[in-house]
2 protein chains.
Amino acid sequence: MTLLDSVVMQGLGRHGALTEEDKTLLLGLELNPRRVSAGEVLWQESADVDLFCVIKEGWAYSYRNLGNGSMQILKVYLPGDIIGMRDFGFARRLAGVAMINEGVICPFTHQQLFEIFGCSPALAVGLIAMTVRQQAILTERLVYLGRYAAHERLAHFLYELYLRLKRIGAVEDNGFFMPLSQEQVGDALGLSAVHVSRTFSMLRDEGLVVRDRQHVTLPDPEALARLVEFNDTYIDEALPAVFQSFT
Amino acid sequence: MTLLDSVVMQGLGRHGALTEEDKTLLLGLELNPRRVSAGEVLWQESADVDLFCVIKEGWAYSYRNLGNGSMQILKVYLPGDIIGMRDFGFARRLAGVAMINEGVICPFTHQQLFEIFGCSPALAVGLIAMTVRQQAILTERLVYLGRYAAHERLAHFLYELYLRLKRIGAVEDNGFFMPLSQEQVGDALGLSAVHVSRTFSMLRDEGLVVRDRQHVTLPDPEALARLVEFNDTYIDEALPAVFQSFT
DNA sequence: GAGCGTCGATAACCTGCGTTATGAATCTCT
DNA sequence: AGAGATTCATAACGCAGGTTATCGACGCTC
């Protein structure tokens with residue numbers, strides 16, 4: 001899973017917007033792969049912002065540790081995602097990032113990012129669009145935290161993962177690998193681990209979600225989508241036409 | 001309140017990063033002021049993304065109307081803020097925007113934005129930083145929705161407004177004008193209007209917040225900040241050093 | 001394969017917040 | 001200035017979800 005395979009860049013590629021030079025620049029972000037272990041912290045909250053990363057393998061999450069002892073997971077990152085763009089424009093990290101399972105990441109610097117911005121308007125637009133898209137996912141989570149009940153939050157969370165994993169070819173027979181513990185799911189959804197367990201049981205009893213250890217299957221994804229009224233424009237939609245004249 | 005007075009741009013100006021041409025470009029975003037009335041919807045969810053806006057006067061909010069009949073307010077915009085950047089990179093609006101009270105807005109187009117990106121790296125960085133900053137505010141709200149109780153959410157919300165208003169000179173004697181109804185505050189914080197009322201009473205009884213109709217006073221802002229462990233780096237922090245060599 | 005730590009299921013209990021309702025105060029329109 | 005519409009405060013009641021606790025099932029390591 002390289003950045004070139006990622007969704008936004010594929011979109012740009014389809015429109016013929018990417019030159020060979022663009023592709024070279026993009027691959028330049030992935031020259032320094034590093035193997036990381038499960039649970040490894042890539043950076044802490046408030047650390048200096050020096051690097052960004054492409055995830056090649058494994059899952060990660062960004063998080064905030066709170067004064068009251070709890071943790072809020074902000075976002076789960078999958079292979080092909082860029083980590084750290086949230087902090088672009090800040091001197092210090094607004095959130096920590098840790099690996100969920102083991103994987104491979106490719107760090108790159110501010111300088112590389114600036115170089116891309118300077119050399120390739122098409123890539124600049126692509127990177128910005130990618131960042132905005134990640135924010136859209138965050139916004140969707142905010143809506144769910146604010147206004148939906150536990151079973152809707154969990155259903156939405158699983159369905160979102162399902163869609164994102166499907167795009168990168170990580171779904172088989174409506175099932176996928178899901179390395180998060182229920183405690184971590186709770187930290188992402190603003191629920192206690194106990195209630196996540198209860199809610200999983202509920203969804204199982206309704207035939208919407210089957211879970212076996214770290215493997216989740218959605219027997220009827222469409223039924224789940226209906227339950228959460230999933231709005232998938234923010235995940236799948238192409239760049240608007242106006243960008244094509246620009247790039 | 002013009003964009004030039006806004007915080008990020010002031011930051012850039014202080015570093016001497018803005019040329020006269022930059023300033024002209026920036027003022028070009030504010031050539032078409034339009035008076036808007038209280039409650040006026042600037043655009044609906046799913047509408048085509050054609051315009052962005054600078055708010056010159058008045059408050060606005062972005063929101064999502066949900067299937068279950070409730071509404072989630074995503075963000076409150078104050079004078080000097082840019083509205084709509086959230087949708088940059090999408091063909092359709094991810095959220096509606098409406099005015100809270102009457103005011104003046106200055107719409108501008110994609111084309112103007114592209115022109116700025118093309119002509120002035122300094123402004124491009126400033127705009128991106130501004131967008132990222134708005135997203136940081138959203139993230140902070142997400143954390144509070146997920147992991148804090150009603151009184152903490154409200155205290156945080158008020159203190160954030162206090163800081164943002166102070167920066168634009170709209171705070172006097174620790175008090176400020178706050179045109180949101182309790183129902184709207186509830187929609188922002190994921191609470192019912194009734195509970196917002198209860199919580200206001202609670203904060204009043206503790207001497208932390210005085211409210212008289214649309215006027216809010218924080219007798220002891222520092223005490224409030226301590227209550228919410230307010231992390232203000234995301235509001236006030238300057239651009240990191242690496243940007244200064246770039247711009 | 002014994003021992004230990006993590007993870008998840010389920011139960012019992014409690015509370016913060018939603019819901020509904022009522023009345024008072026304030027705003028708006030004519 | 002009167003009528004209707006908003007907005008807000010407060011109370012009564014119920015429930016979703018937090019908390020604590022217990023137990024079984026899997027993973028580790030030696």
Side-chain angles (χ1 to χ4, degrees), chain A residues 37-39 59 66 68-73 98-102 144-158 177-206 209-217 227, chain B residues 37-40 66 68-73 98-102 144-158 177-206 209-216:
Chain A
S37 52
W59 293 27
L66 309 182
N68 57 22
S70 58
M71 154 184 297
Q72 177 68 47
I73 290 181
M99 294 301 295
I100 295 170
N101 49 359
E102 58 159 19
Y144 269 79
L145 287 187
R147 288 300 189 199
Y148 285 95
H151 69 279
E152 296 164 312
R153 292 188 211 177
L154 181 55
H156 182 269
F157 182 74
L158 293 173
F177 173 67
M178 215 284 289
L180 289 158
S181 70
Q182 296 192 349
E183 168 133 38
Q184 290 168 325
V185 173
D187 286 337
L189 302 184
L191 298 169
S192 66
V194 175
H195 203 61
V196 170
S197 179
R198 281 197 280 249
T199 309
F200 259 121
S201 304
M202 215 193 91
L203 292 178
R204 181 199 350 102
D205 296 345
E206 292 178 7
V209 175
V210 178
R211 196 177 50 79
D212 176 36
R213 263 350 240 170
Q214 304 206 314
H215 192 85
V216 171
T217 305
L227 171 64
Chain B
S37 51
E40 185 169 337
L66 310 181
N68 57 21
S70 58
M71 154 183 296
Q72 176 69 46
I73 290 181
M99 294 300 295
I100 295 169
N101 50 357
E102 59 161 17
Y144 269 79
L145 287 186
R147 287 298 186 202
Y148 285 96
H151 69 278
E152 296 164 312
R153 292 188 212 177
L154 182 55
H156 182 269
F157 183 73
L158 293 174
F177 173 67
M178 215 283 290
L180 288 158
S181 71
Q182 295 191 351
E183 168 133 37
Q184 289 169 327
V185 173
D187 286 337
L189 302 184
L191 298 169
S192 67
V194 175
H195 203 62
V196 170
S197 178
R198 282 196 280 247
T199 309
F200 260 120
S201 304
M202 215 192 92
L203 292 178
R204 183 199 347 105
D205 296 346
E206 293 177 8
V209 175
V210 178
R211 196 176 51 78
D212 176 37
R213 262 352 240 172
Q214 305 206 315
H215 192 86
V216 172

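Letters A, B, ... are given to chains in the order of the sequence lines, protein chains preceding strands, and every chain is numbered from 1.
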Check your understanding: With sequence neighbours excluded, what pairs up with N101(B) under the side-chain hydrogen bond (donor to acceptor under 3.5 Å, both in side chains) test?
Key ->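 None.
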Check your understanding: Parallel, tilted or perpendicular: which fits the ring planes of F177(A) and W59(A), with parallel below 30° and perpendicular above 60°?
Key ->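 F177(A) and W59(A): perpendicular rings.
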What integer distance in Å separates [X]:[atom1] from [N]:[atom2]?
| X | N | atom1 | atom2 | answer |
| --- | --- | --- | --- | --- |
| F200(B) | dT7(D) | CZ | P | 14 Å |
| L189(A) | dA16(D) | CG | C1' | 15 Å |
| Q214(A) | dG27(D) | CD | C1' | 11 Å |
| D212(B) | dC8(D) | CG | P | 12 Å |
| I100(A) | dC7(C) | CD1 | P | 13 Å |
| M202(A) | dT10(C) | CE | C1' | 16 Å |
| E183(A) | dT6(C) | CD | C1' | 11 Å |

Practice item. Taking only the side-chain nitrogens and oxygens of Q182(B), find out if one of them lies under 4.0 Å from OP1 or OP2 of dA9(D). Key: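 Yes, because at least one side-chain N or O of Q182(B) sits under 4.0 Å from OP1 or OP2 of dA9(D).
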Review point. According to a strict under-4.0 Å criterion, is S181(A) in side-chain N/O contact with OP1 or OP2 of dT6(C)?
Key: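 No, no such contact exists.
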Exercise for review: Would you mind listing every side chain to side chain donor-acceptor pair (under 3.5 Å) that reaches into residues 185-204 of chain A, with sequence neighbours excluded?
Suggested key: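 For residues 185-204 of chain A, and leaving out neighbouring residues, the side chain to side chain donor-acceptor pair (under 3.5 Å) pairs sorted by first residue read D187(A)-R147(B), H195(A)-R198(A), S201(A)-R204(A).
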Review point. When you check every protein heavy atom under 4.0 Å of nucleotides 16-30 of chain C, what one-letter string (B, S, -) results, 5' to 3'?
Key: -BBBB-----S----
Point to revise | Counterpart residues, side chain to side chain contact (heavy atoms under 4.5 Å, CB included), relative to E102(B) (two or more places apart) | key: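 If we apply the side chain to side chain contact (heavy atoms under 4.5 Å, CB included) test to E102(B), skipping adjacent residues, the hits are R35(B).
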pair [X]-[Y]: side-chain heavy atoms closer than 4.5 Å:
| X | Y | result |
| --- | --- | --- |
| L158(A) | R211(A) | no |
| Y148(B) | L189(B) | no |
| V196(A) | F157(A) | no |

Review point. Taking five pairs at each end, how big is the angle between the two axes of the helix from dG1(C)-dC30(D) to dT30(C)-dA1(D), to 10°?
Key: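 Taking the rotation axis at each end, their angle is 60°.
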Practice item. Taking atom CD of E40(B) as the centre, report whether more than 12 heavy atoms of other residues, nucleotides or ligands fall under 6.0 Å from it. Key: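 Yes, because the 6.0 Å sphere around CD of E40(B) holds more than 12 heavy atoms from other groups.
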Exercise for review: Only pairs at least two apart or in different chains count here, so list each salt bridge (Lys or Arg N to Asp or Glu O under 4.0 Å) that has a residue in residues 148-158 of chain A.
Suggested key: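 Not a single pair qualifies under salt bridge (Lys or Arg N to Asp or Glu O under 4.0 Å).
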